[in-house]
Amino acid sequence: MTLKNAASLPNIPWEERKNESDVSQDSPLWRYSGNPVIPRNLTAHSNSIFNSAVVPFKKSDGSQFAGVFRCDDTARQMNIHAGFSNDGYKWKIADEPINFIRPNDPDFPTSDYKYDPRVVFVEDRYYIIWCNGYHGACIGMGYTFDFEKFYQLENPLMQYNRNGVLFPRKINGNFALLSRPSDSGHTPFGDIVYSESPDLTFWGKHRHVMSPSDGWQITKIGAGPAPIETSEGWLLFYHGVLTSCNGFVYAFSACLLDLDKPWKVIARPKPYLITPQKLYECVGDVPNVAFPCAALVDGATNRIAIYYGCADTVTGLVFGKVDEIVDWIKQNEG
Ligand code: BMA
């Protein structure tokens with residue numbers, strides 16, 4: 001297995017595996033010992049900071065990473081905030097939400113709320129994709145060059161839809177997006193679908209990718225961080241939900257998608273990689289949620305650090321090696 005188009009990232013947040021993983025004996029992931037890496041009250045008004053996205057980004061003040069963070073405030077309004085970090089662990093997150101520059105068009109879609117951002121560098125800029133409130137849950141999209149000025153684009157798809165994730169490069173000459181059509185509530189269903197666009201405004205060539213199956217992913221599934229390009233296919237971390245007697249349980253795993261036809265699933269494992277087990281994953285505003293939205297990758301060493309929301313309250317970090325994760329997927333396919 002080799003990573004494709006992955007820059008080296010020697011300063012990736014990293015902790016070596018101690019003995020066996022704290023997840024399960026054969027898991028290729030292990031949790032950061034300092035979890036939760038981002039506490040709920042890091043900004044002046046935050047009730048919770050979770051389901052957030054980070055990327056390598058060098059700034060003149062020495063910052064090495066930037067991010068877009070879901071901060072629900074103490075009025076329980078959902079919004080996204082910019083932040084910076086020197087080491088990927090300690091973050092400075094703006095107290096106020098991102099104020100997107102919007103086209104001067106009175107009919108441009110509203111953003112009644114924003115949540116669950118992903119950030120993906122494509123060609124020359126960082127795209128932000130989030131769940132945007134416009135007569136219900138939609139996919140919202142915008143971009144930035146510097147994490148100071150942010151520009152909002154048209155919503156790519158009609159409502160209702162969540163979990164929009166852009167691929168890091170064009171496919172078949174088009175921008176490519178994964179999403180999960182939903183309803184206006186706490187959706188008890190959900191498949192991952194693929195769409196393409198030549199210009200990020202008009203989307204089509206919709207293809208079904210995968211449906212919920214059984215066990216931890218029986219109720220609904222949704223794409224997590226931006227897909228990672230490997231010689232074995234796109235490595236996609238995705239969340240899956242089961243419905244227990246006590247409500248939804250959000251876990252996550254990873255699968256491989258075809259490089260040229262990403263709607264074709266090459267391998268999908270039966271087991272989860274992470275399910276809520278630690279106190280900070282099980283106890284919070286929404287109990288039992290592990291929800292990945294971002295991954296940093298070191299192309300030189302295969303190391304990966306995944307940021308995931310914990311119990312809709314704080315942010316956790318897990319580590320692994322991409323080659324070991326790809327092997328694990330193939331071994332546990334089913
Ligand atoms: C989903 C979204 C996520 C959240 C999850 C669990 O519908 O709201 O942000 O993590 O529910 O509450």
Side-chain angles (χ1 to χ4, degrees), residues 35-40 46-54 67-73 75-81 97 111-119 128-140 157 159-165 178-193 212 216-225 237-253 272-278 280-295 306-318:
N35 270 352
V37 64
I38 302 176
R40 66 186 302 168
S46 59
N47 163 77
S48 42
I49 305 179
F50 58 107
N51 301 2
S52 298
V54 310
V68 174
F69 297 83
R70 171 173 176 176
C71 300
D72 292 7
D73 69 14
R76 297 299 294 269
Q77 305 290 323
M78 305 177 286
N79 219 319
I80 56 178
H81 297 225
S111 277
D112 303 336
Y113 50 78
K114 298 188 184 82
Y115 65 75
D116 293 1
R118 273 70 163 187
V119 179
I128 299 100
I129 310 101
W130 66 89
C131 178
N132 191 44
Y134 176 64
H135 302 277
C138 291
I139 307 292
L157 303 167
Q159 72 269 49
Y160 305 101
N161 203 316
R162 294 185 175 91
N163 298 302
V165 181
L178 296 172
S179 72
R180 198 206 68 200
S182 66
D183 65 13
S184 58
H186 297 296
T187 320
F189 61 87
D191 294 2
I192 297 177
V193 301
W216 65 274
Q217 48 185 333
I218 195 171
T219 301
K220 51 181 169 174
I221 54 173
F237 291 91
Y238 69 100
H239 66 261
V241 178
L242 70 75
T243 309
S244 80
C245 58
N246 204 26
F248 288 153
V249 177
Y250 283 71
F252 67 89
S253 198
Y272 60 75
L273 279 168
I274 296 282
T275 196
Q277 291 176 340
K278 300 289 176 187
Y280 52 87
E281 295 162 345
C282 299
V283 177
D285 289 345
V286 181
N288 306 321
V289 180
F291 194 100
C293 286
I306 302 164
Y307 291 76
Y308 67 110
C310 304
D312 283 16
T313 304
V314 294
T315 303
L317 194 50
V318 292

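Numbering of ligands and ligand atoms starts at 1, following listing order.
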Nearest heavy-atom approach of G164 to I129 is O-CG2, 3.3 Å

Side chain proximity check, Y308 to N35, heavy atoms < 4.5 angstrom = yes

Establish, from distance only, whether the side-chain atoms of N47 and D72 form a donor-acceptor pair under 3.5 Å.
-> no

Could you tell me which non-hydrogen atom of C131 sits nearest to which non-hydrogen atom of A137, and how far apart they are?
-> SG-CB, 3.7 Å

From CZ (F69) to OG (S48), nearest 0.5 Å = 14.0 Å

Which atom pair, heavy atoms only, marks the closest approach of R180 to N163?
-> NH1-ND2, 3.4 Å

Mind checking what residues have non-hydrogen atoms under 4.0 angstrom from ligand 1?
-> N51, R70, Y115, D116, Y250, V286, V289, F291, D312

